[in-house]
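The block underneath contains the structure these notes are about, expressed in structure tokens.
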Amino acid sequence: QATLENLPAIRVSRWQVEAGRGRLEEAQGRFDWTVGALAGYSDQRQDVPPAADQVAGDSLGDLGVTDYKASVTKEFRSGISVGPEVEWTHTRYRTTDADPTDRASLKLTVTIPLLQGRGRTAAAADEAAAEFEWQANRLDLRHTIATSIRQAAAAYWECRLAQEQRVIQRESETAADLLLQRMRKMSEADQTAPADLNQVVANLADRQAASFEAEQRLVAARVALVLAMGSASDAIVSLPPAAAPFPAAAPDLLSNLPRSPDLVALAVRRRDDLKSSRLREEAALALQRAARVNANPQVDLVLGGGYVQDDGPPYEAETETYVADAMLRYVQPLPNHAGRGRLRQADAAYQKALLQTQDLQRTLGANVASALSALQLSAQAVEKARDAVVSYEKAVASEEQKLKMGLGTVLDVMTMTDRLRSARLAEVAGRQGYAASLVNLRFETGTLVSGQDEQVEVSEKDVLTTPSP
């Protein structure tokens with residue numbers, strides 16, 4: 001839980017999701033209704049020759065023109081755009097007694113792309129790509145959480161290993177000190193040679209050095225655990241010991257493990273990074289298709305219709321005009337470097353995304369097989385290491401009995417004790433390896449975390465058990 005709340009990588013990934021949502025909203029803004037308004041006033045002066053003045057009469061001279069305009073534009077995801085517009089113009093003649101004139105107009109323009117920008121494939125490609133990218137960011141967050149949980153779990157088991165190894169080294173140091181005290185008493189009683197005492201002193205010094213090294217490894221493991229959880233650096237002081245024991249392998253584990261192909265199929269279905277890669281592949285494909293359409297010339301059918309009403313001089317009475325028009329607009333850059341360049345980039349981006357998905361799936365299969373093999377081998381190693389510990393414990397007891405009976409030597413006791421210590425260290429290392437293998441197999445198959453979307457959950461079962469296809 002501390003990892004989910006504190007780790008900077010997870011927090012950064014959450015902000016990346018928010019940024020992706022923002023890019024999607026930005027792309028959606030292309031299809032918003034856009035409202036425009038204009039209000040203006042202008043002074044106009046006309047220098048009129050006498051003849052013209054006689055013809056035009058009082059309608060010429062100094063003018064004051066007030067203009068109001070409102071418009072709404074909308075582009076649809078089909079590529080078609082509409083633009084209704086309303087305008088009213090009031091003209092006042094300041095140098096004459098002529099009545100002011102008014103003009104009101106209503107116009108609707110519809111633009112239909114016939115080649116470039118035609119259809120949802122071209123017009124809505126940026127929005128579709130942004131949607132895919134946002135969903136990919138959400139899956140990236142889940143994968144980042146899973147990766148962080150794996151790292152935190154591995155650091156926890158390393159800390160647990162360092163704790164148990166320190167205990168073993170300290171017990172070995174204590175045993176070496178007791179042996180030294182015993183040998184001193186035997187030396188004082190002339191029951192052993194002085195040279196044997198030197199060997200026991202050296203053995204104690206070696207065990208003390210090993211204890212110091214174990215202590216240092218524990219400190220380093222605790223620091224690594226604090227960093228893996230995203231806690232502050234001073235949290236190491238209050239960090240409690242790793243209390244949870246290593247998981248024990250079930251007796252029938254090896255016979256009940258799922259087959260590698262089944263786990264690979266599970267990983268293909270569950271791995272969030274693979275899902276994310278596929279979504280980015282879809283985003284690149286959408287942009288490629290749009291670039292292919294938009295590499296064509298721009299050919300638009302522009303349809304318009306409107307109504308105009310005029311009132312006042314120079315018209316004798318109110319006049320009404322109805323307007324309908326149609327235009328075919330053609331635009332083609334030569335030799336169209338921009339369109340071809342965008343298409344080339346989109347093709348390359350799609351091929352790159354496709355190869356990344358294929359490579360990830362290939363790597364995923366190999367990693368699952370490797371993780372399964374590591375779990376099998378670590379379970380067998382723990383079993384054999386435990387057998388070795390039991391055998392060496394019996395051997396140490398036998399050598400100590402021989403020493404008491406005068407049939408053995410101190411060197412034999414120290415050698416067997418050292419082998420027991422190594423066997424115990426190997427056993428706890430094997431148990432740590434088994435625990436880490438469980439977590440790693442869960443991670444590689446995409447079953448380390450559960451929950452929907454950004455609501456990620458991690459349970460004890462997800463960390464301590466093998467996945468089921």
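Atoms CZ and CZ, on R120 and R77 in that order, are 6.0 Å from each other to the nearest 0.5 Å. The line from CG of D273 to CG of L360 is 5.0 Å long, rounded to the nearest 0.5 Å. In this structure, Q380 CD and L375 CG are separated by 10.0 Å, a value rounded to the nearest 0.5 Å.
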Could you pull out every donor-acceptor pair under 3.5 Å between side chains of residues 163-171 and any protein atom, sequence neighbours left out?
unit_1 : atom_1 : unit_2 : atom_2 : d
Q163   : OE1    : A242   : N      : 2.6
Q163   : NE2    : A242   : O      : 3.2
E164   : OE2    : R160   : NE     : 3.0
E164   : OE2    : R160   : NH2    : 3.2
R166   : NH1    : E215   : OE2    : 3.2
Q169   : OE1    : R421   : NH1    : 3.4
R170   : NH2    : E215   : OE1    : 2.9
E171   : OE1    : R424   : NH1    : 2.8
E171   : OE1    : R424   : NH2    : 2.7

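At a threshold of 4.5 Å between non-hydrogen side-chain atoms, the residues L448 and V439 count as touching. Counting heavy atoms from C-beta outward, L420 and M416 have side chains that stay 4.5 Å or more apart. V268 has its side chain within reach of L274: a pair of non-hydrogen atoms, C-beta onward, lies under 4.5 Å apart. Between D177 and Q181, the closest side-chain pair of non-hydrogen atoms falls below 4.5 Å. Taking the side chain as every heavy atom from C-beta outward, Q208 and L204 approach each other to under 4.5 Å. In this structure, L225 and E158 have side chains that are not in contact, with every pair of non-hydrogen atoms separated by 4.5 Å or more. D300 has its side chain out of reach of I112: every pair of non-hydrogen atoms, C-beta onward, lies at least 4.5 Å apart. V299 has its side chain within reach of L328: a pair of non-hydrogen atoms, C-beta onward, lies under 4.5 Å apart.
Side chain of S422 to backbone of D418: a donor-acceptor contact under 3.5 angstrom is found. No donor-acceptor pair closer than 3.5 Å links the side chain of Q432 to the backbone N or O of W157. The main-chain N or O of D412 is never found under 3.5 Å from a side-chain atom of T415 such that the two would form a donor-acceptor pair. No donor-acceptor pair closer than 3.5 Å links the side chain of S391 to the backbone N or O of A388. Side-chain atoms of N440 never come within 3.5 Å of backbone atoms of A371 as a donor-acceptor pair (strictly under, hydrogens ignored). Judged by distance alone, the side chain of T147 and the main-chain N or O of H143 form a donor-acceptor pair under 3.5 Å. Although no hydrogens or angles enter the test, the distance criterion places no donor-acceptor pair under 3.5 Å between the side chain of T447 and the main chain of F443. For N296 (side chain) and V293 (main-chain N/O), a donor-acceptor pair under 3.5 Å exists by modelled atom type. Although no hydrogens or angles enter the test, the distance criterion places a donor-acceptor pair under 3.5 Å between the side chain of T465 and the main chain of K461.
More than 12 non-hydrogen atoms from other residues, nucleotides or ligands lie less than 6.0 angstrom from NZ of K74. More than 12 heavy atoms of other residues, nucleotides or ligands sit less than 6.0 Å from atom CZ of F76. Heavy atoms of other residues, nucleotides or ligands lying less than 6.0 angstrom from CD of E26 number 12 at most. Within a 6.0 Å sphere centred on CZ of R289, other residues, nucleotides and ligands contribute 12 heavy atoms or fewer. Around atom CZ of R340, more than 12 heavy atoms belonging to other residues, nucleotides or ligands sit under 6.0 Å away. Surrounding CZ of R184 are at most 12 heavy atoms belonging to other residues, nucleotides or ligands under 6.0 Å away.
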I'd like to know whether S277 forms a side chain to side chain donor-acceptor pair (under 3.5 Å) with Q356, so could you lay out the CA-CA distance, the side-chain angles of the two residues, the decisive distance to 0.1 Å, and finally the verdict. CA-CA 7 Å; S277 182; Q356 287 176 333; 5.5 Å; no
Working note: E444 + R150, criterion salt bridge (charged side-chain N to carboxylate O under 4.0 Å, His left out); need CA distance, chi angles, decisive distance, verdict. CA-CA 10 Å; E444 295 296 348; R150 177 179 68 166; 3.6 Å; yes
Check against salt bridge (charged side-chain N to carboxylate O under 4.0 Å, His left out), K402 and E399: CA-CA 5 Å; K402 289 180 181 179; E399 290 299 330; 3.7 Å; yes
Q199 and N203: CA distance, side-chain angles, deciding distance, side chain to side chain donor-acceptor pair (under 3.5 Å) verdict: CA-CA 6 Å; Q199 293 177 359; N203 179 63; over 6 Å; no
CA sep, side-chain torsions, deciding dist, call: E75, R30, salt bridge (charged side-chain N to carboxylate O under 4.0 Å, His left out): CA-CA 7 Å; E75 180 182 359; R30 175 176 174 177; 3.0 Å; yes
Mind running salt bridge (charged side-chain N to carboxylate O under 4.0 Å, His left out) on E25 and R21 for me, showing each step along the way? CA-CA 6 Å; E25 290 181 345; R21 177 60 179 167; 3.7 Å; yes
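K107 and E85 are not joined by a salt bridge, as no carboxylate oxygen comes within less than 4.0 angstrom of a charged side-chain nitrogen. A salt bridge between R278 and E282 is absent, with no side-chain N of the basic residue lying under 4.0 Å from a carboxylate O of the acidic one. The existence of a salt bridge linking R138 and D272 is excluded, since no basic side-chain nitrogen approaches an acidic carboxylate oxygen closer than 4.0 Å. Here D347 does not pair with R344 in a salt bridge; the nearest charged N to carboxylate O distance is not below 4.0 Å.
Pairing each heavy atom of P297 with each of L115, the nearest pair is O-CB, 3.3 Å.
Applying salt bridge (charged side-chain N to carboxylate O under 4.0 Å, His left out) to D140 and the options R280, K275, R271 leaves one that passes, R280.
Taking the ring centre of Y392 as origin, the terminal cationic atom of R419 falls outside the region bounded by 6.0 Å and 45° from the ring axis.
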